Amino acid sequence: MEHNYPIKRIIDDKGFFVDADYEEQIDEQLVKELYYHMLRIRTFDRKAINLQRQGRLGTYAPFEGQEAAQVGSALALNDNDWVFPTYRDHGATLTFGKSMATTFLYWNGRAEGCIAPADRQIFPPAVPIATQIPHAAGAAWAEKKRGTKNAAIAYFGDGATSEGDFHEGLNFASVFKVPVVFFNQNNGYAISVPIEKQMNSKTIAQKSVAYGMPGIRIDGNDCFAVYFETKKAFDNARSGNGPTLIEAVTWRKGAHTTADDPSKYRTEERAKDFVDPLLRLEFFMKNYGYYDDAWIQAINEKTTREVEAAVEEMEKFPPPNVEDVFDHVYAEMPAQLAKQKEAYLAHLGRK
Amino acid sequence: MEHNYPIKRIIDDKGFFVDADYEEQIDEQLVKELYYHMLRIRTFDRKAINLQRQGRLGTYAPFEGQEAAQVGSALALNDNDWVFPTYRDHGATLTFGKSMATTFLYWNGRAEGCIAPADRQIFPPAVPIATQIPHAAGAAWAEKKRGTKNAAIAYFGDGATSEGDFHEGLNFASVFKVPVVFFNQNNGYAISVPIEKQMNSKTIAQKSVAYGMPGIRIDGNDCFAVYFETKKAFDNARSGNGPTLIEAVTWRKGAHTTADDPSKYRTEERAKDFVDPLLRLEFFMKNYGYYDDAWIQAINEKTTREVEAAVEEMEKFPPPNVEDVFDHVYAEMPAQLAKQKEAYLAHLGRK
Amino acid sequence: MTQVKESHQKSETAKQMTLIQAINDAMRLMLEEDDRTVILGEDIGKNGGVFRATDGLQEVFGEERVVDTPLSEAGIIGTSVGLAVNGFRPVAEIQFLGFIYPAYEQIMTHVSRIRMRSMSRFTVPMVIRAPYGAGIRAPEIHSDSTETLFTHMPGIKVVCPSSPYDAKGLLIAAMEDPDPVLVLEPMKNYRSKREEVPVGKYTVEIGKGKLVREGADVTLIAWGAMVSIAEKAAEQAEKKGISCEIIDLRTLYPIDSEMIAESVKKTTRAVIIHEAHHTGGLGNDIISIINDTAFLYLRAPIERITGFDVPVPFFSLEEHYLPTPERVVEGIEKVLHF
Amino acid sequence: MTQVKESHQKSETAKQMTLIQAINDAMRLMLEEDDRTVILGEDIGKNGGVFRATDGLQEVFGEERVVDTPLSEAGIIGTSVGLAVNGFRPVAEIQFLGFIYPAYEQIMTHVSRIRMRSMSRFTVPMVIRAPYGAGIRAPEIHSDSTETLFTHMPGIKVVCPSSPYDAKGLLIAAMEDPDPVLVLEPMKNYRSKREEVPVGKYTVEIGKGKLVREGADVTLIAWGAMVSIAEKAAEQAEKKGISCEIIDLRTLYPIDSEMIAESVKKTTRAVIIHEAHHTGGLGNDIISIINDTAFLYLRAPIERITGFDVPVPFFSLEEHYLPTPERVVEGIEKVLHF
Ligand SMILES: Cc1ncc(C[n+]2csc(CCOP(=O)(O)OP(=O)(O)O)c2C)c(N)n1
Ligand SMILES: Cc1ncc(C[n+]2csc(CCOP(=O)(O)OP(=O)(O)O)c2C)c(N)n1
Ligand SMILES: [Mg+2]
Ligand SMILES: [Mg+2]
């Protein structure tokens with residue numbers, strides 16, 4: 001089976017083209033956009049880990065190593081598309097348009113952290129694994145019913161493929177042929193459980209066969225492969241040809257979350273298979289004349305400033321509002337709940 | 001994909017060999033055993049429908065048309081294997097050794113109807129669709145852990161493949177390589193929903209790919225194909241090679257249950273593709289010199305008598321015991337429940 | 001989007017309907033009125049539902065609006081969440097309440113929580129309909145009455161009509177509600193009686209009980225199929241000179257605490273009847289409400305006549321599980337002669 | 001079958017342990033003693049569990065007995081049913097109670113019902129362990145306290161230890177029970193204190209509460225992480241001259257009704273504390289028990305200090321969701337000055 005799903009690459013580990021077909025489609029703008037966003041989210045990610053260590057952020061789920069997968073896929077979206085991320089996909093949502101400060105707030109236990117700008121349809125990150133997959137199918141179904149060209153993307157990990165919701169979501173999407181892309185980041189582990197213990201299939205892409213759905217396997221650390229293959233899947237979806245399952249093979253460089261210690265369950269053996277996606281793009285830029293020291297310096301400074309400003313915004317954000325505990329449960333508060341709220345505010349000496 | 005899963009047949013619709021390899025393996029004993037059991041369960045099935053119409057049985061789920069699938073697979077089992085049937089697989093469980101009277105009791109709303117003889121491990125029929133699939137994987141896992149050669153079989157329908165439990169059960173079975181056979185009867189419909197609306201895949205067999213598990217597609221109305229392929233899958237399982245998914249393509253001749261009216265949702269168009277499995281075996285018996293009028297007459301009479309006796313047994317069975325409402329919830333009855341029981345028995349004027 | 005293909009002439013203003021017809025009528029009406037309405041579930045399209053709740057709807061409104069889904073409860077509810085946040089108003093049928101559990105995570109974690117998690121940016125105005133309850137000799141596991149698994153879940157509402165009129169009015173109210181509503185339909189009542197039901201659109205307010213019988217000595221509180229048990233018990237009690245007041249709760253969350261409090265303050269005694277298990281049943285919530293609101297009025301411990309703490313038995317024994325008028329009368333006498 | 005590879009020398013008879021260590025110790029002991037014990041769940045093997053509950057067990061007992069499973073709660077519980085009916089005694093870990101819902105159907109329909117459906121031919125002696133509760137600044141949806149979704153389910157038992165001693169004793173009792181037991185482990189208490197725990201095997205009887213403080217004026221009833229809230233409240237109340245009795249319920253089904261009744265008959269007043277939502281919380285069951293058993297003794301309506309009818313909020317607001325000693329003291333004063 002595995003041979004039916006070779007890993008699609010556009011550039012190799014040293015940043016040289018392996019698929020020359022793409023030479024024409026890759027221009028400076030694209031290269032710089034990919035690099036910029038990857039650098040930007042990495043800066044964010046490292047800062048977040050730092051803040052967590054300093055006690056300025058709650059438990060945090062880092063994505064280092066998965067930047068190409070997240071940025072490449074997010075840049076393939078249209079503005080009106082729907083995004084259903086997990087707790088590890090803030091690299092993708094930051095790229096799609098969620099703000100950094102908002103994202104920090106999420107990791108500080110603030111519901112405000114779930115809210116993307118009004119012109120970006122980004123769902124709150126899925127915490128219970130795989131549950132967002134049917135949501136994405138449903139949102140895409142709505143677009144189809146309305147006859148738009150919008151589509152949806154569901155992000156999920158290798159572990160998520162073991163849940164019933166993965167199966168039911170993909171089945172619905174294929175039966176109703178809805179415009180959705182199932183974007184799997186196979187980062188080798190679900191917390192401590194390696195993919196060989198998660199499934200007996202050699203690839204995740206082949207799971208598409210169960211749904212009569214196209215499935216492809218790509219090098220998730222090759223930002224070009226991610227970008228172009230995701231775009232293709234979206235084109236297909238927008239043309240009414242239904243969903244695609246994409247397996248982006250990548251690697252979680254750090255811990256599952258800041259509360260996790262990967263040395264308990266993995267050696268860094270397999271890490272050697274993965275060249276850092278940013279470094280790889282740098283190789284490419286050097287190989288093909290896109291490398292520009294001054295520009296890199298400039299965006300480095302810019303993103304650092306952006307992250308610092310976001311930290312400040314997060315830390316200056318008004319403290320959480322007790323009323324919010326009660327106010328977003330129903331459109332109209334039931335009497336019982338109103339009484340609970342009133343009593344509690346009275347207890348706090350308010351109202 | 002479909003071409004990877006051709007429908008395996010041993011005899012054709014007219015009862016001629018299409019796979020001559022089996023000529024040697026098929027002897028009179030096997031032919032007669034298959035015929036006998038198919039006839040026997042059909043007699044049961046038709047009687048049950050009749051009883052239901054007369055108000056002597058509750059809602060009943062008939063299996064006519066699926067006799068080859070149920071008998072062929074049940075005869076492939078060893079006595080110590082575990083069977084996890086659905087509400088439609090009493091043809092299989094009758095063949096494996098559950099009694100007719102017990103089976104009638106089940107359809108008369110009696111818990112006693114769930115209980116097979118002590119030397120047959122037959123689970124109560126699964127009512128919530130697909131939930132038995134992980135059970136079968138678990139029971140098989142136990143056999144593996146004990147190092148026996150016993151295996152388990154899970155019966156389920158085409159509709160069941162849409163449930164999360166199907167997916168999770170097959171994944172577990174493949175990851176832990178347990179000795180279980182997943183025996184799907186694709187009878188074309190889940191109540192009113194045809195397979196084309198149930199899934200976008202053209203076959204159920206191909207769903208095995210998702211689990212790196214062998215999957216085969218067989219003519220479920222060819223009792224020989226069912227028998228030999230199920231046996232093969234069991235041999236494989238007993239040898240430590242893990243699970244197999246078998247899709248037996250068949251046809252539900254009658255209604256979903258006696259409460260259902262299939263004319264609301266299907267024409268008998270597709271029925272034409274399916275030669276009655278008993279008739280087909282008769283053709284075969286005539287073609288190859290196994291047909292024996294007197295024997296058929298004799299087993300007809302025998303099964304009719306057996307069914308009549310079972311009806312009598314069912315109808316003479318002691319009435320249900322009120323205590324049973326309370327007595328099988330816990331090994332030791334909690335005080336609260338004991339009080340409820342006591343109060344209720346007092347209310348009935350007992351004790 | 002599929003357009004309404006037929007328009008229904010309505011000459012009369014009310015019609016005799018069973019509860020199931022009233023349910024059908026409500027959906028038909030809303031499919032006509034609101035393009036965002038999508039009905040989905042197992043066997044609800046071509047087959048018109050195993051109880052015929054959706055009979056004829058797919059013929060009129062087409063396969064895009066009345067959708068036969070795969071056999072997949074988490075899929076049905078999960079995609080409904082996606083449809084609802086993206087502008088539709090799905091009405092999902094779960095074939096029997098006993099088969100809702102595969103969708104439990106979607107309901108518990110998402111249907112009920114998305115408004116809160118997104119601070120009202122995303123909402124899921126959807127309806128889940130589910131036939132429930134014992135007493136129709138259905139095969140095992142078809143007869144659960146597990147309403148408290150949902151009333152304990154902040155973010156959704158739960159209604160349970162006992163009559164055709166309330167069924168139509170509550171279902172329409174549910175379909176217009178900005179928040180998710182679970183509509184529990186007592187199977188036992190689907191065809192048990194007909195009554196006059198307005199042909200046009202009306203709603204029954206969610207959160208309001210109904211006084212179905214006035215009385216002085218004791219308050220009976222029931223819902224769904226248990227309302228008629230309460231009524232029969234009240235008739236029997238009347239012969240013994242006991243005057244029962246009956247509240248049909250109709251909405252199980254949020255409960256009409258006021259109606260309960262007022263009635264119990266008047267009668268000073270209460271008997272609660274439900275077919276759900278005793279432990280963890282809604283009866284406990286009602287006792288708490290009375291504890292909170294009418295403590296000093298109560299002259300006797302409240303009685304609960306309920307299903308037992310056992311799985312709903314196979315149908316040959318279900319009559320012994322379900323509350324009967326006789327058990328209720330015993331309860332009434334107990335609170336009166338405390 | 002894998003044999004125990006190491007034997008543990010025990011010189012001392014008791015050891016200072018945290019609750020999580022006590023849990024670990026119970027499993028280690030039973031893995032040693034009973035070959036049928038199999039521990040399974042997500043990340044419980046090599047990683048030793050996200051809270052380290054199974055730390056070191058796979059090393060000692062091997063991958064056949066301490067099993068890392070796929071990320072699949074229905075698979076974990078569903079295969080455990082198969083293991084249990086076929087002679088094993090699985091102990092399944094659900095990583096957080098908030099993630100148990102995908103397995104809800106398996107628990108509700110099978111774990112709890114197989115004994116009844118097979119008239120005791122098949123039984124499922126299995127344990128489900130789940131960390132639960134708020135207050136540790138966990139990411140959202142990790143903090144549910146939904147015990148009544150399980151206490152309402154006939155056929156299983158539910159226990160909830162608050163201390164290391166009880167944790168070990170109850171878990172061993174659960175592992176030896178012929179029926180399925182859900183063990184709820186208050187995350188907040190995992191490492192909050194150490195106490196002397198016997199090194200050998202012992203059990204704490206399922207179904208029995210514990211009087212953790214004797215008092216005269218009011219009975220406080222709590223379990224899990226709320227026991228220490230009750231204790232703090234009792235201390236504050238004492239300063240105001242109020243004497244509180246505290247019951248740690250320990251088992252949530254079947255509840256120790258006798259202990260509750262006895263205490264309330266003595267104190268004549270009760271305050272119940274739980275972190276689950278108000279509506280449908282176990283508090284209601286307890287009120288009903290008091291209604292049934294101590295009606296005439298009660299001098300004031302029972303107070304419930306609970307989580308609100310809202311999803312457990314994100315951690316920045318969780319302190320406003322959880323009962324506090326101050327809220328409990330208010331409740332105590334309310335029942336005293338009724
Ligand atoms: C239903 C459910 N079960 C368990 C968990 C606990 N959990 C959080 S993340 C995780 C691993 C997820 O692995 P994968 O899908 O590969 O995504 P990754 O974390 O690698 O991005 C687990 C088990 C959960 N969040 N939801
Ligand atoms: C979880 C669940 N959902 C719905 C049902 C109602 N139901 C009973 S049988 C059935 C169709 C099953 O179809 P299939 O799996 O193809 O088996 P068949 O009846 O054809 O043998 C449905 C939807 C159920 N029993 N369980
Ligand atoms: Mg992963
Ligand atoms: Mg079928």
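To find a chain, count down the sequence lines: A is the first, B the second, and so on, and within it residues start at 1. Note that the structure is a prediction, hence the values are computed from the model and not measured.
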Review point. Stepwise, does the salt bridge (Lys or Arg N to Asp or Glu O under 4.0 Å) test hold for Lys341(B) with Asp309(C)?
Key: CA-CA 10 Å; Lys341(B) 178 181 172 185; Asp309(C) 282 0; over 6 Å; no

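- In this structure, no portion of Tyr321(C) lies under 4.5 Å from any heavy atom of chain B.
- Taken to the nearest 0.5 Å, the OG1 atom of Thr131(B) stands 12.5 Å off from the OH atom of Tyr101(C).
- When every heavy atom of Val325(B) is checked against every heavy atom of Phe308(C), the shortest pair comes out as CG1-CD1, 4.4 Å.
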Practice item. May I have the step-by-step check of side chain to side chain contact (heavy atoms under 4.5 Å, CB included) for His277(C) and Gln340(B), ending in yes or no? Key: CA-CA 11 Å; His277(C) 313 302; Gln340(B) 291 174 24; over 6 Å; no

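- When each of Tyr265(B), Phe166(B), Tyr87(B), Tyr330(B) is checked for heavy-atom pairs under 4.5 Å with chain C, Tyr265(B) comes out on top.
- Here the side chains of Glu163(B) and Pro102(C) are in contact, with some heavy-atom distance below 4.5 Å.
- Taking the side chain as every heavy atom from C-beta outward, Lys197(B) and Glu63(C) approach each other to under 4.5 Å.
- Side-chain atoms of Val329(B) and Pro311(C), non-hydrogen and from C-beta on, do get closer than 4.5 Å to each other.
- With a threshold of 4.5 angstrom between heavy atoms, Asp165(B) does not approach chain C through any atom at all.
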Practice item. Go through the steps to decide whether Leu71(C) and Gln198(B) satisfy the test side chain to side chain contact (heavy atoms under 4.5 Å, CB included), and finish with yes or no. Key: CA-CA 7 Å; Leu71(C) 209 178; Gln198(B) 192 68 241; 3.5 Å; yes

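- Annotation for Arg191(C): atom CZ counts as buried by contact number, over 12 foreign heavy atoms lying within 6.0 Å.
- Contact annotation for Ala160(B): only backbone heavy atoms (N, CA, C, O) come within less than 4.5 Å of a heavy atom of chain C.
- The choice from Ala111(B), Pro124(B), Gly58(B), Pro262(B) that makes the most heavy-atom pairs within less than 4.5 Å of chain C is Ala111(B).
- Contact annotation for Ile191(B): both backbone and side-chain heavy atoms come within less than 4.5 Å of a heavy atom of chain C.
- Side-chain contact between Pro70(C) and Val193(B) is absent, with no heavy-atom pair separated by less than 4.5 Å.
- A 4.5 Å side-chain heavy-atom check between Tyr344(B) and Arg327(C) finds at least one atom pair inside the cut-off.
- Distance check, rounded to the nearest 0.5 Å: OG of Ser316(C) to OH of Tyr106(B) gives 12.0 Å.
- The line from CZ of Arg266(B) to NZ of Lys46(C) is 12.0 Å long, rounded to the nearest 0.5 Å.
- Using a 3.5 Å distance cut-off with no hydrogens or angles, the side chains of His347(B) and Glu330(C) do pair a donor with an acceptor.
- Using a 4.0 Å cut-off between charged nitrogen and carboxylate oxygen, Arg52(C) and Asp261(B) do not count as a salt-bridge pair.
- Of the residues considered (Glu42(C), His278(C), Glu319(C), Arg137(C)), His278(C) shows the highest number of contacts with chain B, using heavy-atom pairs under 4.5 Å.
- With Asp43(C) contributing its side chain and Ser192(B) its backbone, the two residues share a donor-acceptor pair below 3.5 Å.
- Only the backbone of Thr69(C) comes within contact range of chain B, with heavy atoms under 4.5 Å apart.
- Heavy-atom neighbours of Glu332(B) CD from other residues, nucleotides or ligands within 6.0 Å: at or below the threshold of 12.
- Put simply, the side chain of Glu140(C) never gets that close to the backbone of Val127(B): no donor and acceptor are under 3.5 Å apart.
- For Val50(C), the part sitting under 4.5 Å from any heavy atom of chain B is the side chain, from C-beta outward, and nothing else.
- Proximity of Phe314(C) to Pro320(B): side-chain heavy atoms (C-beta onward) are nowhere separated by under 4.5 Å.
- Distance check: Asn321(B) CG to Leu317(C) CG gives 7.5 Å after rounding to the nearest 0.5 Å.
- Applying the 6.0 Å contact sphere to CD of Glu268(B) captures more than 12 heavy atoms from other residues, nucleotides or ligands.
- Shown here is Lys98(B), whose NZ atom has more than 12 heavy atoms of other residues, nucleotides or ligands within 6.0 Å.
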